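Single-structure report; data block below.
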Amino acid sequence: MRRTVEAVWRIEAARIVAVVARLTGDVSLAEEIAQDALVVALEQWPRDGVPDDPGPWLLATARHRAIDQIRRRQNYAAKLRLVATDVVETDDGGYDAVLDEGRIGDDLLRLIFTVCHPSLPAESRVALTLRLLGGLTTAEIARAFLVPEPTMAARITRAKKAVGGVEFGLPPAASLGPRVASVLATVYLIFNEGYAATGGSSWARPELASEALRLGRLLQGLLPREAEVHGLAALMELQASRLPARQDASGSPVLLPDQDRRRWDRLLIRRGLAALSLAASLGGGAYTVQAEIAACHARARSHADTDWERVAALYEVLFHLRPSPVLRVNQAVAYGMAGDPARGLALVDAVAGEKSLRDYPQLPAVRGDLLARLGRAADARAAFALAASLTRNDAERSLYAARAEGH
């Protein structure tokens, strides 16, 4: 029964917090009230059975508790008159069977834009997004980011205090673009940590990638005319399709050239290509170009069949949209695969002095691969040894160390 309650909670948490936050105007209080509703469910459902509509049951319970809170605060009397008409009670004290899905959608958007406000530090946005929109516990978030639970609890507490100074609502039209960009960047940070873990023993954390996918699909429904929402969704779907093939049975990394493409998730590829088509039709942007690069891999029958020249050209387009030395490193890989490792090496060496790449293990790793393609074996081994010393991920370190030893 507890697993059933937790599964419903994971699905409904964001909706419940969003509705209650709209009623109270306080995101932190809304989460407390939503948690209270969860406790009530854990007490009543084992005794009375799971309701036919568990989501609306939880939502109604939380809404009633929110109104009780407002009744206790005399200075909210005027607000109470407004929200009381929003709750429909049955004669037996039951709950609404029919919910205003459009209104809930608006509430979810308000919550997303509040939690992902660009004024909040990135780590605060990520923690609150997973907590309030993903329904993850503090322990789950701490485990995902390899920090002690008290550390994550303190981080979430600070984030809640910070978000308390942010107006709960949708941004004005003039500032919608930057706010959408902040939301998408937050979701993509979560996905990237799931797809390629920055630390710990695991090469990937599929559960985080799944949360990001779920949030991306939610945003597609809430912001259907925003091209980059679909562009990011396409990028995540296409990249996530490779997750089953990125590790072997022992959990060791399997790089793209060695992956068994029969293990790629074809459903995610179809979803990704469909989202990419929609993003392109709406104008697209940087995420859409990244998705186009991922699509080059998804459409190729094998690693060798990939259109590497198109990949390199797309990285050039992406660099002009969103300049970053990391993109030059990725472009260098494409040049190497297209048969021009010398051009790739020149590109890597040109950005090697960038301060932002000082501790970036992929830079020497890519350099090592290009040197190996050029027949400079000793230099390649030294580059892989440097990459192994820089990474914080155990699986990645083993991979680079093996290359450094000439394996």
Side-chain angles (χ1 to χ4, degrees), residues 1-73 76 79-80 83-84 86-90 92-99 103-104 107-108 110-112 114-115 127-144 148-161 163-164 168 207 211 214-215 218:
M1 176 61 71
R2 185 179 186 87
R3 288 185 178 180
T4 300
V5 176
E6 289 175 349
V8 174
W9 171 253
R10 184 66 58 87
I11 294 169
E12 301 293 340
R15 290 155 48 96
I16 295 169
V17 173
V19 170
V20 176
R22 186 244 305 164
L23 297 181
T24 63
D26 186 329
V27 173
S28 185
L29 176 61
E31 192 204 7
E32 291 178 14
I33 291 173
Q35 292 282 348
D36 287 345
L38 175 63
V39 171
V40 173
L42 287 170
E43 293 173 348
Q44 293 189 13
W45 291 6
R47 182 187 69 228
D48 302 335
V50 179
D52 292 336
D53 295 305
W57 189 99
L58 281 170
L59 179 56
T61 301
R63 291 166 81 185
H64 291 314
R65 284 177 175 263
I67 288 176
D68 287 342
Q69 288 274 354
I70 294 171
R71 286 196 177 108
R72 296 191 194 103
R73 296 154 64 179
Y76 279 82
K79 191 170 185 179
L80 175 61
V83 300
D86 195 41
V87 177
V88 181
E89 299 186 50
T90 59
D92 60 357
Y95 57 91
D96 296 335
V98 179
L99 299 171
R103 184 62 176 270
I104 290 175
D107 292 336
L108 272 172
R110 290 186 179 92
L111 180 61
I112 291 170
T114 301
V115 170
L128 276 183
T129 298
L130 289 172
R131 175 76 174 180
L132 301 181
L133 297 173
L136 274 66
T137 65
T138 302
E140 288 172 323
I141 302 171
R143 191 161 55 247
E149 187 174 345
T151 299
M152 183 54 72
R155 185 178 297 175
I156 290 173
T157 298
R158 288 195 301 270
K160 287 180 183 176
K161 289 180 180 177
V163 86
F168 182 75
E207 69 282 358
E211 280 301 318
R214 188 177 67 80
L215 291 170
L218 173 65

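Given the structure is predicted, the values throughout are model-derived calculations rather than measurements. Just so you know, residue 1 is the first one in the sequence shown, and it goes up from there.
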Closest approach of [X] and [Y], non-hydrogen atoms and distance?
X    : Y    : answer
I156 : I141 : CD1-CD1, 4.1 Å
V20  : A30  : CG1-CA, 3.6 Å
A14  : L111 : O-CD2, 3.7 Å

Side-chain donor-acceptor pairs under 3.5 Å in residues 31-43, sequence neighbours left out?
unit_1, atom_1, unit_2, atom_2, d
E31, OE1, K160, NZ, 2.3
E31, OE2, R131, NE, 2.3
E31, OE2, R131, NH2, 3.0

Looking at [atom1] of [X] and [atom2] of [Y], how far apart are the two atoms once the value is rounded to the nearest 0.5 Å?
X    : Y    : atom1 : atom2 : result
L23  : R65  : CG    : CZ    : 15.0 Å
L58  : R63  : CG    : CZ    : 13.0 Å
R214 : L133 : CZ    : CG    : 7.5 Å

Do R110 and D107 meet the salt-bridge criterion of a basic N to acidic O distance under 4.0 Å? yes
Sub-4.5 Å side-chain heavy-atom contact between E12 and L59: no
Could you tell me whether the side chain of I112 reaches within less than 4.5 Å of the side chain of L218, counting heavy atoms only? yes
Would you please name every residue forming a side chain to side chain donor-acceptor pair (under 3.5 Å) with T157, sequence neighbours left out? none
Test of understanding: with side chain to side chain donor-acceptor pair (under 3.5 Å), list the residues that count as partners of R155, not counting sequence neighbours. none
Does G55 offer a backbone N or O that forms a donor-acceptor pair with the side chain of D53 under 3.5 Å? no
